[in-house]
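Chain identifiers are assigned alphabetically (A, B, ...) following the order of the sequence lines, protein sequences preceding nucleic acid strands; residue numbering begins at 1 within each chain.
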2 protein chains.
Amino acid sequence: MSSAQETNIHKRNATIQEVARRAKVSVGTVSNVLNNSNAVSGLLQRRVEQAMRDLNYHPNNHARSLKSRRSSVIGIVISNITNPFFPLVLRGAESVIVRHGYMLTIFNTDDDIERERQIFSLLRTHRVDGMLAVVAPNPANDIAHIVQAIDMGIPVVCLDRTPHGLNIDSVVVDNVRGSAMCVRHLVDLGHRKIAIINGSSWLQTARDRYKGYEMALDEANIKIDRNLVREGDFRFDSGYKMTKDLLLNHPRPTALFVANGTMGLGALQGLNELAIHCPEQIALAVFDEIPGGRMLRPLITSVIQPAYDLGVKAGELLISRLTGKMSPDPVTITLQAELIIGESTIGSGRAAISRRSKNVLRKRK
Amino acid sequence: MSSAQETNIHKRNATIQEVARRAKVSVGTVSNVLNNSNAVSGLLQRRVEQAMRDLNYHPNNHARSLKSRRSSVIGIVISNITNPFFPLVLRGAESVIVRHGYMLTIFNTDDDIERERQIFSLLRTHRVDGMLAVVAPNPANDIAHIVQAIDMGIPVVCLDRTPHGLNIDSVVVDNVRGSAMCVRHLVDLGHRKIAIINGSSWLQTARDRYKGYEMALDEANIKIDRNLVREGDFRFDSGYKMTKDLLLNHPRPTALFVANGTMGLGALQGLNELAIHCPEQIALAVFDEIPGGRMLRPLITSVIQPAYDLGVKAGELLISRLTGKMSPDPVTITLQAELIIGESTIGSGRAAISRRSKNVLRKRK
DNA sequence: AAGGGATTCGAATACGCTCTCAAAACTGTG
DNA sequence: CACAGTTTTGAGAGCGTATTCGAATCCCTT
């Protein structure tokens, strides 16, 4: 089997020069067939292509980018790929971006704004053509790095979250409405003491989900009880701890609304340990999909976000910025979430539900 | 709010030249402070840094790479980030790679070997410094693209799977042993008719998991019944369909070993629809983690892979190749999986839980 | 055969940076 | 103060490609 040590004959990549020489043609001509800019006669074209094959030529993207000022690379900055929401987003974005000839470079911020700044700087050094960003919570609301990127002509599309006070291209889920829809469902079932376990209020997402909660309760003339409002960090542990805390204290809620899937899993764990049954003893509804949730019993009522579509739309928006002909005004695309009603809130017979949930109870937008 | 239209004063990035001019210093000196190669006196150093700040200078990585022949980019090629196994791997790899100053570029092959080839070519055009690759099933075993990359001095570390017949750096899970351990557990519980739902036998991974199955049965002098061996594609649907198929035909297995998590979820769905209870009517064990599985009841017996660690180890291996001082011989690192015994095979837990839930229900009514 | 227009080709330059190497500026010593 | 030794600085040559624009070639017409 061949390996680097044996075959280090051509350790260097072939250059356009060498291709030209071998095809008995000038460098310019090779460049032309590469980018089929100027028409090249069939004969030369074939000769060049043959030479490229012979030399196993791979054009040097760095030289190309240096000259052309386009890198064909797009940076995507997310909070944490380990959160099951993001692989779908990534995949959606990738599907459109790759189709347009770009590469995707990925970074996790872990929701650390300082890290986000470093990453933006790095991406600028690498001269990416555009960025997709799930912005980190930003207490000081210091968005200079984003503004600067845009000012330098690098389109930035915000995904899932929007920095406060910055009018910028973005693709988001209608968190207010999704959340309201879900809480309304709980209200409709007769619940009055509905607790919420939310994420950090530094995140627009969390604020919006709270707003939806507020709206639904307002509509029903239910006064918000601060004791039933908890702020976690969108991680398993905070879902777990806050659930236990809520249920061991007064007033004890009859329904629990958890603002994301991972905390939702934590909540389930908590309920489990307390041997509190759902929906008999408490109703549970979750914003976001619970990983592997469709096999859970009871099936959890949840607000499903169009994650893949979010990525696709963001990718498309970025591409149309890149290809130029768009009004320069920032655009915001809002996607609707879908409420899937499971057994964790209505709690009737299991067989009936799983059948019905597919056909009837799925509220479409 | 600032935006591209208003502030397009410096649409062009500052260059090292401009920094030099502003700091009243030569280009070489600026370069030296950038890479602190030649010691630069404190005074000039400060002047240069100030100038960089003033001009908001971001060095052009393309120019740098063109000259230095190092891109500081590593490509990672996986089959599908949507498979929950991979985000962890990615994160593990990222954690070490970023720490060493590299960027990560990601591609999904969807297990399409042709796509893999295109991606390798693209990565070479972009002159990545190294690659991490989860190779696609490769019926013709045509690995020229991998060999070529290595021959050109681009280290490639294979992750999770190894191309057949190619001795190459790789980090894998001990699939044979993990699988054998799991099937042995089923045998120990007295099962003789143990079915397996495997992935494509083009994948080393799948072949190894089968080998473990075979070993465990051999040890127990159980003859393999081809009717109990199924080959799927590691996706939900094949787990679902094959489970139904297995359980509606003869001989009917008393235990089911599913070779990955996603198919495991499918199997659960299948059992659910057939109203076949686990573990009373069938024992279920799964290689790989089921998404959100820790909340499932019964808890599924599973072989947990060290996904994050796999990424870390692969990243470290690649980095040490990159930094040079390693024996040039290919290295294979094998990580062990862990068998977590749940209620889906031993069933005591399950009985306890379902009994408890009934009591509670009664109490409430 | 010659002229003119349309097509195709190629020499040369610039892109922004690193890195070598010689010159310049210091330092200390006799 | 002269000189050797040491540190610090800067000029310049590429890295591999895209692109411009004049030159060369081709194809028709007359």
Side-chain angles (χ1 to χ4, degrees), chain A residues 10-49 51-52 55-73 101 124-129 152-153, chain B residues 10-49 51-52 55-73 101 124-129 152-153:
Chain A
H10 43 214
K11 255 307 208 226
R12 246 193 66 256
N13 282 284
T15 73
I16 202 174
Q17 301 258 12
E18 293 163 8
V19 174
R21 201 176 315 138
R22 180 173 245 271
K24 295 190 195 318
V25 133
S26 87
V27 171
T29 303
V30 178
S31 175
N32 283 337
V33 351
L34 273 175
N35 316 299
N36 52 347
S37 31
N38 267 340
V40 175
S41 70
L43 174 66
L44 285 205
Q45 164 126 6
R46 250 167 290 126
R47 255 173 33 207
V48 168
E49 279 164 353
M52 297 201 301
L55 299 174
N56 193 11
Y57 172 66
H58 291 256
N60 183 326
N61 190 259
H62 297 304
R64 189 188 296 222
S65 300
L66 182 58
K67 182 67 189 158
S68 67
R69 298 159 173 294
R70 301 187 47 240
S71 63
S72 300
V73 176
R124 287 196 47 192
T125 276
H126 281 260
R127 296 292 187 272
V128 295
D129 291 336
M152 288 304 293
Chain B
H10 43 213
K11 253 310 208 225
R12 246 192 65 256
N13 282 285
T15 73
I16 202 174
Q17 301 257 13
E18 293 163 8
V19 174
R21 201 175 317 138
R22 181 173 244 271
K24 295 189 196 316
V25 132
S26 86
V27 172
T29 303
V30 178
S31 175
N32 283 337
V33 351
L34 273 176
N35 317 299
N36 53 347
S37 29
N38 267 341
V40 175
S41 69
L43 174 67
L44 286 205
Q45 165 128 4
R46 250 167 290 125
R47 252 168 44 203
V48 168
E49 278 164 354
M52 297 201 299
L55 298 173
N56 192 11
Y57 172 67
H58 291 258
N60 183 327
N61 189 259
H62 297 303
R64 183 184 296 207
S65 301
L66 183 57
K67 180 68 188 163
S68 67
R69 297 159 173 293
R70 301 187 48 239
S71 64
S72 300
V73 176
R124 287 195 47 191
T125 277
H126 282 259
R127 296 293 187 273
V128 295
D129 290 337
M152 289 303 293

J.: Please identify each residue that fulfils side-chain contact (heavy atoms from CB on, under 4.5 Å) with R70(B), with sequence neighbours left out.
T.: S68(B), S72(B), Y102(B), D129(B)
J.: Taking only residues two or more places apart in sequence, or in another chain, which ones meet R22(A) in a salt bridge (charged side-chain N to carboxylate O under 4.0 Å, His left out)?
T.: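 Applying salt bridge (charged side-chain N to carboxylate O under 4.0 Å, His left out) to R22(A) gives D54(A).
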J.: Any idea which heavy atoms bring A63(B) and L66(A) closest together, and the distance?
T.: CB-CD1, 3.7 Å
J.: Excluding sequence neighbours, so at least two apart, what forms ring-ring contact (aromatic ring centres under 6.0 Å, His included) with H126(B)?
T.: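 Residues passing ring-ring contact (aromatic ring centres under 6.0 Å, His included) with H126(B): none at all.
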J.: Considering residues at least two apart in sequence or located in another chain, which fulfil the side-chain contact (heavy atoms from CB on, under 4.5 Å) criterion with S26(B)?
T.: T29(B)
J.: With heavy-atom distances below 4.5 Å as the criterion, would you say the side chains of R127(B) and H58(A) are in contact?
T.: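 A side-chain contact exists here, since the closest heavy-atom pair is under 4.5 Å.
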J.: Quick one: what's the B/S/- string for nucleotides 7-17 of chain D, heavy-atom cutoff under 4.0 Å, read 5' to 3'?
T.: -SBB---BBBB
J.: Does some side-chain heavy atom of V25(A) sit less than 4.5 Å from a side-chain heavy atom of V30(A)?
T.: yes
J.: CG of L43(A) versus P of dT7(C): gap in Å, rounded?
T.: 19 Å
J.: With a 4.5 Å heavy-atom cut-off, do L44(B) and N32(B) have their side chains touching?
T.: no
J.: For the helix from dA1(C)-dT30(D) to dG30(C)-dC1(D), what is the angle between the axes at its two ends, each from 5 pairs, rounded to 10°?
T.: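 Axis angle across the helix from dA1(C)-dT30(D) to dG30(C)-dC1(D), nearest 10°: 40°.
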